[in-house]
Amino acid sequence: MSVLYLLISSLCILALAYRYYSAFIAARVLMLDDRNITPAVTCNDGKDYVPTNKWVVFGHHFAAIAGAGPLIGPTLAAQYGWGPGFFWILLGSVFAGCVHDMIILFASVRHQGQSLAVIAQKDVSRLTGITTAFVTLFIIIVALAGLAVAVANALFNNPWGVFIIAMTIPIAMITGVYMFRIRPGAILSGTTFGVVAILAAVYFGGPIAESSIAGWFTFSKQNLSIILPLYGFCAAALPVWLLLAPRDYLSTYMKIAVIGGLAVGLFFVNPTVQMPFVTRFIAGGGPIIPGPVWPYVFITIACGAISGFHALIGSGTTPKMLEREGQVRLIGYGAMLTEAFIGVMALLAAVTLVPNDYFAINSSAAAFAKLNMPVQNLPELCRLVGLDVAHRPGGAISLAVGTAYIFSHVGAGLQHTMKYWFQFIIMFEALFILTTIDAGTRVARYILQDILGKVYAPLKQTDWIPGVVLTSGGVSFAWGYILYTGDVSSIWPLFGVTNQTLAALALAIGTTIILRTSAKKRYALITAVPCAFVTVTTFAAAFMNIQLYLAQGMILNTILSAVIIVLVTIIIVENVRVWITLLKTEKPLGMNDDREHIYCPVVPAHAPDDLPLA
């Protein structure tokens, strides 16, 4: 079957969803109104709260939410065939993921850019708020480790890729200084410089990798497991305009351009789908994911359809940058739809590989040997990309190989450029993940400051340098430890379950928000139905994971999984209790967002102690 059928049908479904379903939610359910002043305006501090151009915010938000999930998850899920992943990405994103992102971003904007835990405390109960703070902190730490493991597997012993990624940091900082300090609002010229500089880094990375200084950029997995948390610490502590916003902005539009180019490449090359609709591993026992298609395909595609991690960004950095409330639709629903399309493209790139070669890349040598599948095109692919790509599990390498193969076959005589395309796609994937690590570490820092601030009040202030350094360091060390001591087989299932469990939690809180604000109680079904499905699915996967971890003696993973299940159960029960009460009311009660008292979560040291803090 030609991939064009899948490509065109997915584009049509996503476009219709944005045109009609998101408009309905914005106008009827949330009743977005630009007359409501956003916290970026009322709390502008020039650091975390900064009114920012909507396309820059879209770029930042999209880059922050679109980490490894829409690239790695669908690639790994291809183990089950092209059918389960394809339909879950489309249906899950339209009716669950986009709704999830939009409602949480809306709630945070109305609550002065505060975190999901603060929203839960104000609109559900104090117990829910406290529990949400702890569970989100646990989940985000596991998620960051899960995202980083894909980067480590793609960049170890790859000086070309490391050089490109290293160069994106000073390029982004120069762009940030230019766009926000030297010439504020100079979007076009800043973007042009950034994109040209990154492309130059890709080109010159080849000669660097073959030169005498290649050793400067050659690292083992263990080295990268230390370097990545150090990078996350720096990114979380620096002002948002200096690194986070410009790098996310640049990487986003490059990512969108690459995915658009991949769609065009698929159109011209028109490869056939090599993977069957379902494989023999649908009942379990696969070399990549050991469990059955349900529930594991729903947790493996961790971001392409729905992701709880997005709730942390939607109630973290993004609401502090939004200029107008009406932009919630574009940035909340629109960015998630874009991510879903990327998930579809990643899946299509994976299923156009010969199945034997796909499994050879994505499984360990021991697991692949048991399949009795002789490789077909893999030796030639290794020669063309200039790297041994066999047995590099995690999905990043197979996606890069598949995408590079398609790009290099768009025109005659382009096969010799495949190694450039391969490294470009590695950079493209790593930027996806690192920009999520940027924002994720910063959001986890906010949450940890909230928790520790109850013990020592100054720690709540996001402009107090010692507190910023302490909490950024603590978060980076925590997820760095999991990364250093684990691997993709132990981290990714834990990441998938915790990530989707957080989505269920956020949808439950979103249902409470709709019941509080909407004139029609039945509108709450848009979050309640996906909440029920995701809750049942992720809890089933969590119990399967616990059995697997106990069998392998992974005590830390077992404890984390059990603790998260207990905490999320408490949150769901508390929300249901509030739903029963709200369903008995005839008129909307409104959110407890203190809109009659405009204040900012960043409070000077001399401010009264009774002000609510985020």
Side-chain angles (χ1 to χ4, degrees), residues 69 73 77 80 83-101 103-104 116 120 124 128 131-132 135-136 138-139 142-143 278 282-284 289-311 336 492-515 522 524-549 557-558 560-580 583:
Y80 297 112
F86 180 76
F87 287 105
W88 170 236
I89 290 172
L90 293 181
L91 296 175
S93 62
V94 169
F95 296 109
C98 295
V99 178
H100 166 282
D101 290 17
I103 184 67
I104 296 301
L116 184 65
V124 184
T128 302
T131 308
T132 301
V135 75
T136 51
F138 291 154
I139 287 172
V142 173
V278 294
I282 196 169
I289 306 162
V293 67
W294 186 89
Y296 277 93
V297 77
F298 300 96
I299 66 165
T300 301
I301 302 179
C303 296
I306 181 171
S307 169
F309 187 85
H310 297 189
M336 179 59 212
W492 195 266
L494 181 61
F495 160 61
V497 166
T498 54
N499 183 59
Q500 304 303 71
T501 303
L502 179 57
L505 179 160
L507 284 169
I509 295 172
T511 303
T512 303
I513 296 295
I514 295 176
L515 288 173
R522 65 175 179 268
L525 291 173
I526 69 170
T527 50
V529 172
C531 175
F533 175 77
V534 173
T535 300
V536 172
T537 300
T538 53
F539 274 36
F543 286 115
M544 291 182 185
N545 276 353
I546 289 175
Q547 293 175 346
L548 178 66
Y549 293 145
N557 289 22
T558 302
L560 282 173
S561 298
V563 168
I564 289 171
I565 289 174
V566 172
L567 293 177
V568 172
T569 300
I570 294 172
I571 295 169
I572 297 291
V573 170
E574 277 290 288
N575 274 276
V576 172
R577 180 184 61 81
V578 175
W579 297 349
I580 294 171
L583 286 170

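These figures come from a predicted structure and were not determined experimentally. Atoms considered below: every heavy atom in the structure, side chains included; atoms not considered: hydrogens, waters and symmetry mates.
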Report the distance from atom CG of Leu91 to atom CZ of Phe86, rounding to the nearest 0.5 Å.
9.5 Å
Value rounded to 0.5 Å, distance of OG1 in Thr132 from CG in Leu116
6.0 Å
Dump the intermediate steps for side chain to side chain contact (heavy atoms under 4.5 Å, CB included) on Thr501 and Phe539, then the final yes or no.
CA-CA 8 Å; Thr501 303; Phe539 274 36; 4.2 Å; yes
Close side-chain approach of Trp294 and Thr537, heavy atoms under 4.5 Å
yes
Within-4.5 Å side-chain heavy-atom neighbours: Val135 and Ile570:
no
His310 side, atom NE2; Met336 side, atom CE - distance, nearest 0.5 Å
5.5 Å
Of all residues at least two apart in sequence or in a different chain, which pass the side chain to side chain contact (heavy atoms under 4.5 Å, CB included) check with Pro84?
Tyr80, Val278, Val293, Val297
Could I get the full list of side chain to side chain contact (heavy atoms under 4.5 Å, CB included) partners for Thr558, not counting sequence neighbours?
Ile546, Tyr549, Leu550
Locate the shortest heavy-atom distance separating Thr535 from Ala504; write the atom from each residue and the value.
OG1-CB, 3.3 Å
Spatial distance of atom OG1 (Thr128) from atom CD1 (Ile572) [nearest 0.5 Å]:
9.5 Å
Locate the shortest heavy-atom distance separating Cys531 from Ala508; write the atom from each residue and the value.
SG-N, 3.8 Å
Side-chain donor/acceptor of Asn499 to backbone N/O of Phe309, under 3.5 Å:
yes
Kindly write out the residues that satisfy ring pair (Phe, Tyr, Trp, His ring centres under 6.0 Å) with Phe138, not counting sequence neighbours, or none if the list is empty.
none
Which heavy-atom pair separates Thr527 from Gly510 by the least distance, and what is that distance?
OG1-C, 4.0 Å
Shortest non-hydrogen contact between Ala77 and Ile301, atoms and distance:
CB-CG1, 3.7 Å
Exercise: identify the closest heavy-atom pair between Ala96 and Pro530
CB-CB, 3.7 Å
Shortest non-hydrogen contact from Tyr296 toward Met544:
OH-CB, 3.3 Å
Sole residue of Leu505, Val124, Leu567 in side chain to side chain contact (heavy atoms under 4.5 Å, CB included) with Thr131:
Leu567
I'd like to know if the side chain of Gln500 reaches the main chain of Ile306, judged simply by a donor and an acceptor atom lying under 3.5 Å from each other, with no hydrogens or angles considered.
yes
Once rounded to the nearest 0.5 Å, what's the spacing between atom CG of Asp101 and atom OG of Ser93?
10.5 Å
Spacing of OG1 belonging to Thr538 relative to CD1 belonging to Ile565, to within rounding of 0.5 Å:
8.5 Å
Positive for side chain to side chain contact (heavy atoms under 4.5 Å, CB included) with Thr511, one of Ile514, Leu515, Ile509:
Leu515
Quick check, are the ring centers of Trp88 and Phe533 under 6.0 angstrom apart?
yes
